[in-house]
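Have a look at the structure below, then the notes.
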Amino acid sequence: MDRSTTAVHAVHQDRKAVKFPVSVPGAASDIEPPTSIDRLLHASLGRATFGISPASLALAYVDWALHLAQSPGKWQKLIEKAVRKSLRLGAYIAHTSSGARCPPCIEPLPQDQRFRNDKWQRSPFDLIQQSFLLHQQWWHNVTTGIGGVSPHHEQVVSFMARQLLDMVSPVNFIATNPEVLDATVRERGQNLVQGAINFMEDLARTVEGKPPAGTEAFKPGRDVAITDGNVVYRNRLIELIQYKPKTKSVHAEPILIVPAWIMKYYILDLSPNNSLVNYLVGQGYTVFMISWHNPGPGDRDLGMRDYLQLGVLDALHAVQTIVPKRKVNALGYCLGGTLLAIAAAFLAQKGEDALHSLTLLAAQTDFTEAGELMLFIDDSQLNYLEDIMWDQGYLDNRQMAGAFQLLRSNDLIWSRIVQQYLMGQRAPMIDLMAWNADATRMPYRMHSEYLRRLFLNNELFGGRYKVGGKSIVLSDIRAPIFVVTTERDHVAPWRSVYKINLVVDTDVTFVLTSGGHNAGIVSEPGHKGRYFRISQRSAGENYIDPDTWYATTPVTDGSWWLPWVDWLTDKSGGYVQPPGMGAPKKGYPPLGVAPGSYVLER
């Protein structure tokens, strides 16, 4: 074995050499532990509030209300705005009533697709939607721009105001939605009958704990996650899949993929036409994939140290045993990318040159601008979540899904209700939608540590994140890095991901691609409408701020997969014969065919 393989092997064999801290600085363990009755109360409330802390919302509301009450100048401006908006609406009504053509008082925001249909331009629905949009704008003015309110509380209050307004949008009611009214007349009410059937079916599935209708057509190992391979390693947290080669020779360096454990791994191995794994194997790469165990109550004490050791480090050791004397191209997606960055910094600190390159997909290393997800991150909210997880041993996937759906309530909640229950139409189930419904749980200890140490305290970016009792720093990483982020990512906003350029001291290729957190990554060649921006920054070059970078970086049509594979190929050490499947004589025999058993856990 070469130096890098020996180093990782030493960490694998001698767990005492990695003395992970037992307590988490700044976590709930540093304050007086809550009593069981407090935790039981919070856990019971959490089931009704989808894990959102009522105390956190109340604190934000009080901060906003008290400061607004003490701001007579703000009240004056709000009254003036209300009068101006009323006059604009009145003038619009007068012009349209006389039959004259009149431009709208207000246009929907670019991302608001609710009123795009021409039917909303007919009277009286044009007046209804214009009135709603003006009210929506006014309430935004009410909840923002008040001196003294903390930025976090302002964001929370503004967000909750948008949620309440979205609930009463005219789109959501039969009498005020011209599309629904037209469909009801045209279909003689059958759309509402079918909508009622859809609602009862969804309700029954929810009560029985079943996935949404149509997901049965996308079973892992039969319809999705079908790239040929074997499980070559298993511990209590991961299964490691090695995929069979499709070419007579392969690139010398293997690829290890670390997906997020909040999702099933097969987001990167969906149908054969959009599977990143299948694409890589076809390009002559030896690919390994981590498949995470779906935690249950017995896994409550699994922490970040376990995900690092049992996940990335154990998998890396297995890969370097099966493909000896080669460094590894490591890829991490979302939370898996953050964990991979931690592992890379940890290995670099120990002088272990195990990684040939690092690819991070929609993965944050700085969490100060983590988008609207930060609405759910403060001490009150995390204390509430910890009590919910203390009771269950994990955070349920339905509770996580509820929070993510609120971030995009128009797209994920209300438009779905209108389409399926008022229009009576179900969108055809596709592989990506079926995968999205196949969520996993998060163990109590790990999720608490992750949220407090990374989101709340931002320890990794600040150089305060400790592994084995020592702080690790991202600037120690010397392997070249390829970073991919997406334009409409509500989980890892691209400007947040871009901040990796501030802390690493190595070559960075940065890609901003079209799409969202998932669809932008699953961007196979030939996918219509895809485009991206790409730039390369060498170690030592001056930093460019994200807005300047965006304005000066040209757009390229197509899939980001192509330049990424070119980047890997340029750094490849040439072609070799494909390695065997596993290494039976070295303790890594094939244990079964892909996709393995962990991906099927419910």
Side-chain angles (χ1 to χ4, degrees), residues 81-82 84-141 161-202 212-214 405-430 433 488 490 514-516 519 528-529:
K81 287 178 182 290
R84 287 199 301 269
K85 292 179 189 300
S86 298
L87 292 174
R88 284 164 57 193
L89 183 61
Y92 179 80
I93 294 173
H95 278 85
T96 54
S97 298
S98 65
R101 295 182 63 84
C102 180
C105 304
I106 182 173
E107 292 284 355
L109 296 172
Q111 67 270 22
D112 188 350
Q113 302 297 316
R114 290 174 293 183
F115 308 109
R116 299 299 182 187
N117 193 291
D118 290 340
K119 293 181 175 66
W120 285 100
Q121 310 312 315
R122 299 188 328 223
S123 180
F125 303 106
D126 57 340
L127 306 181
I128 293 172
Q129 58 102 341
Q130 287 287 286
S131 177
F132 174 79
L133 291 174
L134 287 170
H135 275 86
Q136 181 177 260
Q137 188 183 66
W138 187 78
W139 275 104
H140 174 75
N141 294 327
R162 290 200 307 275
Q163 300 307 308
L164 294 173
L165 286 166
D166 288 344
M167 288 176 60
V168 298
S169 167
V171 175
N172 302 335
F173 302 94
I174 298 173
T176 54
N177 188 327
E179 299 176 69
V180 175
L181 286 174
D182 284 1
T184 303
V185 172
R186 183 176 62 252
E187 300 177 27
R188 298 181 180 181
Q190 286 303 305
N191 58 308
L192 300 180
V193 173
Q194 184 60 51
I197 294 172
N198 292 343
F199 174 76
M200 295 305 296
E201 181 182 9
D202 290 347
Q405 286 177 342
L406 283 176
L407 295 179
R408 296 175 57 201
S409 60
N410 274 338
D411 297 330
L412 301 180
I413 299 177
W414 302 114
S415 65
R416 175 176 172 267
I417 288 174
V418 171
Q419 193 71 16
Q420 298 195 25
Y421 304 151
L422 299 186
M423 299 294 287
Q425 301 172 354
R426 282 200 189 277
M429 184 61 67
I430 61 174
M433 291 168 59
R488 299 193 304 275
H490 63 290
S514 57
K528 291 183 179 180

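From a predicted model like this one, the values you see are computed outputs, not experimental measurements.
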Kindly indicate, with the supporting measurements, whether the criterion side chain to side chain contact (heavy atoms under 4.5 Å, CB included) is fulfilled by T96 and S123.
-> CA-CA 8 Å; T96 54; S123 180; over 6 Å; no

Given L133 and D112, is the side chain to side chain contact (heavy atoms under 4.5 Å, CB included) satisfied, shown in steps?
-> CA-CA 10 Å; L133 291 174; D112 188 350; 4.2 Å; yes

Quick one: does any side-chain atom of [X] pair with a main-chain N or O of [Y] as donor and acceptor, under 3.5 Å?
X    : Y    : result
R426 : Q420 : no
N172 : V418 : no
S97  : I93  : yes

Without hydrogens or angle criteria, can the side chains of Q194 and N198 be said to hold a donor-acceptor pair below 3.5 Å?
->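 The criterion, which ignores hydrogens and geometry beyond distance, is satisfied for N198 and Q194.
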
[X] and [Y]: which non-hydrogen atoms are nearest, and at how many Å?
X    : Y    : value
C105 : Y92  : SG-CB, 3.3 Å
T176 : P170 : OG1-O, 2.8 Å
R116 : P110 : NH2-O, 3.5 Å
H95  : C102 : CB-CB, 3.8 Å
A183 : N191 : O-OD1, 3.7 Å
Q136 : L165 : CA-CD1, 3.8 Å

Roughly how far apart are [X] [atom1] and [Y] [atom2], rounded to 0.5 Å?
X    : Y    : atom1 : atom2 : result
I106 : Q137 : CD1   : CD    : 4.0 Å
F132 : W120 : CZ    : CH2   : 9.5 Å
I174 : T184 : CD1   : OG1   : 6.0 Å
M423 : Q419 : CE    : CD    : 6.0 Å

Would you mind checking if R122 and D182 are paired as a salt bridge, meaning a charged N to carboxylate O distance below 4.0 Å?
->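 Salt bridge present between D182 and R122.
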
Does [X] reach the side chain of [Y], with side-chain heavy atoms less than 4.5 Å apart?
X    : Y    : answer
Y421 : L192 : no
F125 : L181 : yes
S131 : L89  : yes

Whether over 12 other heavy atoms sit under 6.0 Å from [X] [atom1]:
X    : atom1 : answer
W138 : CH2   : yes
M167 : CE    : no
F173 : CZ    : yes

Evaluate salt bridge (charged side-chain N to carboxylate O under 4.0 Å, His left out) for D126 paired with K119, printing each intermediate quantity in order.
-> CA-CA 8 Å; D126 57 340; K119 293 181 175 66; over 6 Å; no

Checking side chain to side chain contact (heavy atoms under 4.5 Å, CB included) for the pair L134/K81: CA distance, chi angles, key distance, verdict?
-> CA-CA 10 Å; L134 287 170; K81 287 178 182 290; over 6 Å; no

Applying side chain to side chain contact (heavy atoms under 4.5 Å, CB included), run through W139 and L164 and close with a yes or a no.
-> CA-CA 11 Å; W139 275 104; L164 294 173; over 6 Å; no

With V171 as reference, evaluate Q129, E179, Q113, R114 under the side-chain contact (heavy atoms from CB on, under 4.5 Å) test and give the passing residue.
->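 It is R114, the one option of Q129, E179, Q113, R114 that forms the side-chain contact (heavy atoms from CB on, under 4.5 Å) with V171.
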
